[in-house]
Each structure stands twice: as structure tokens, then as C-alpha cells.
Amino acid sequence: QVQLVESGGGLVQAGGSLRLSCAASGRTFSNCAMGWFRQAPGNEREFVAAISWSGGFTYYADSVKGRFTISRDNAKNTVYLQTNSLKPEDTAVYYCAARIVGAVSKRFNDYIYWGQGTQVTISS
């Protein structure tokens, strides 16, 4: 079992930045690949970024590539999503998720554990 708690969301103007954090507890965090997804009202949950168990491999959705950076600190059981150059279309609830294997995936169904989400709102 893994418990995930996101934080760092908020309201910022377009062009601004936010750093989202996801604190994990329970199962050995360092064995798990981690991902960030987001869901805007009326839309399906979509993949944003993922990172392998070691942090050595990362994977991004085309819509955020070059603007967002995923990282992790296994000593702190925490994964981060640095979001820069934010756009109004980035507005969504952002969810942290964990796999039980170390390889990255962009598939929603490959993630077993989910946090409660943190709201990110970008004003134009």
C-alpha cells in the first residue's frame, strides 16, 4: 500500500510557475515509478509526466515538454513537478500516481495508487 499526498497547487497568472510535490508513505517508494496526471472539468484524466524508480528516465506529454520537469528524491519519499511558462489550458486538478514496478508508463491503468489531487488554476 502506498499513500500519496499532493501539495503546491494554487492560482497563478499565465507565464508563471508552480512546484507541485507528492509525498509518499507506505510501500518502498524507491521501487515505484511515479507519474503525474491532470484532469480539467469535463475532460478525461490525461498523462502529464512520469519518472522511473531511479529517476534516470523521464517521459512527458507533448503538451508540457520543455515547460514541465518531473524529479524525485527517494531519500525524502517525494516526487516533484516543476511547472513553468504556465498557460490557461494547464488549469486542472493534478494527481500524483504510483506504479508497483520501476518502469515509466503514460497509461492511466498502469498506476495503482493515486493521491487526492491538487488544484492548479492559471489566469489569463
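Given the structure is predicted, the values throughout are model-derived calculations rather than measurements.
- Taking a 4.5 Å side-chain heavy-atom cut-off between Ile, Leu, Val, Met, Phe, Trp and Tyr, the cluster of Y80 contains only that residue.
- For the atom pair L81 CG and E6 CD, the distance stands at 11.0 Å (nearest 0.5 Å).
- Checking E89 against T91 by side-chain atom types alone, no donor-acceptor pair falls below 3.5 Å.
- The two atoms that bring Y60 and T69 nearest to each other are OH-CA, 3.3 Å, heavy atoms only.
- Both V2 and I112 belong to a common hydrophobic cluster when Ile, Leu, Val, Met, Phe, Trp and Tyr are linked at side-chain heavy-atom distances under 4.5 angstrom.
- Across all their heavy atoms, I70 and W36 have their closest contact at CD1-CD1, 3.5 Å.
- Side-chain atoms of Q3 and S25 form a donor-acceptor pair, as typed in the model, at a separation below 3.5 Å.
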Could you go through the side-chain contact (heavy atoms from CB on, under 4.5 Å) check for F68 and V48 one step at a time?
-> CA-CA 9 Å; F68 290 11; V48 175; 3.7 Å; yes
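- Side-chain N or O atoms of T118 include one that pairs as donor or acceptor with a backbone N or O of G9 at under 3.5 Å.
- Under a 4.0 Å N-O distance rule, the pair D62/K65 qualifies as a salt bridge.
- Pairs of residues two or more places apart, or lying in two chains, that qualify as side-chain hydrogen bond (donor to acceptor under 3.5 Å, both in side chains) and include a residue from residues 42-54 are R38-E46, Q39-R45.
- Through side-chain heavy atoms spaced under 4.5 Å, either directly or across other Ile, Leu, Val, Met, Phe, Trp or Tyr residues, V93 is tied to F37, F47, F57, Y59, Y95, V104, F108, Y111, W114.
- Taking CG of N77 as the reference point, atom OG of S30 lies at 7.5 Å (rounded to 0.5 Å).
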Run the numbers on M34 and C96 for side-chain contact (heavy atoms from CB on, under 4.5 Å), then give the verdict.
-> CA-CA 7 Å; M34 301 295 295; C96 173; 3.6 Å; yes
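- Closest non-hydrogen pair, A103 versus A33, comes out as O-CB, 3.2 Å.
- No chain of hydrophobic side-chain contacts below 4.5 Å, direct or via other Ile, Leu, Val, Met, Phe, Trp or Tyr residues, connects V5 to L20.
- Going from atom CD1 of I51 over to atom SG of C32 covers 13.0 Å, rounded to the nearest 0.5 Å.
- If you check the side chains of T78 and D73, you find no donor sitting under 3.5 Å from an acceptor.
- Counting only N and O atoms by type, the side chains of D110 and S105 include a donor and acceptor under 3.5 Å apart.
- The nearest pair of heavy atoms linking V12 to S17 is CG1-O, 4.1 Å.
- Nearest approach of D90 to I122, heavy atoms of both residues: CB-CG1, 4.3 Å.
- R99 CZ to N109 CG: the interatomic distance, rounded to the nearest 0.5 Å, is 11.0 Å.
- Across L4 and A98, no two heavy atoms sit closer than the pair CD1-N, 3.8 Å.
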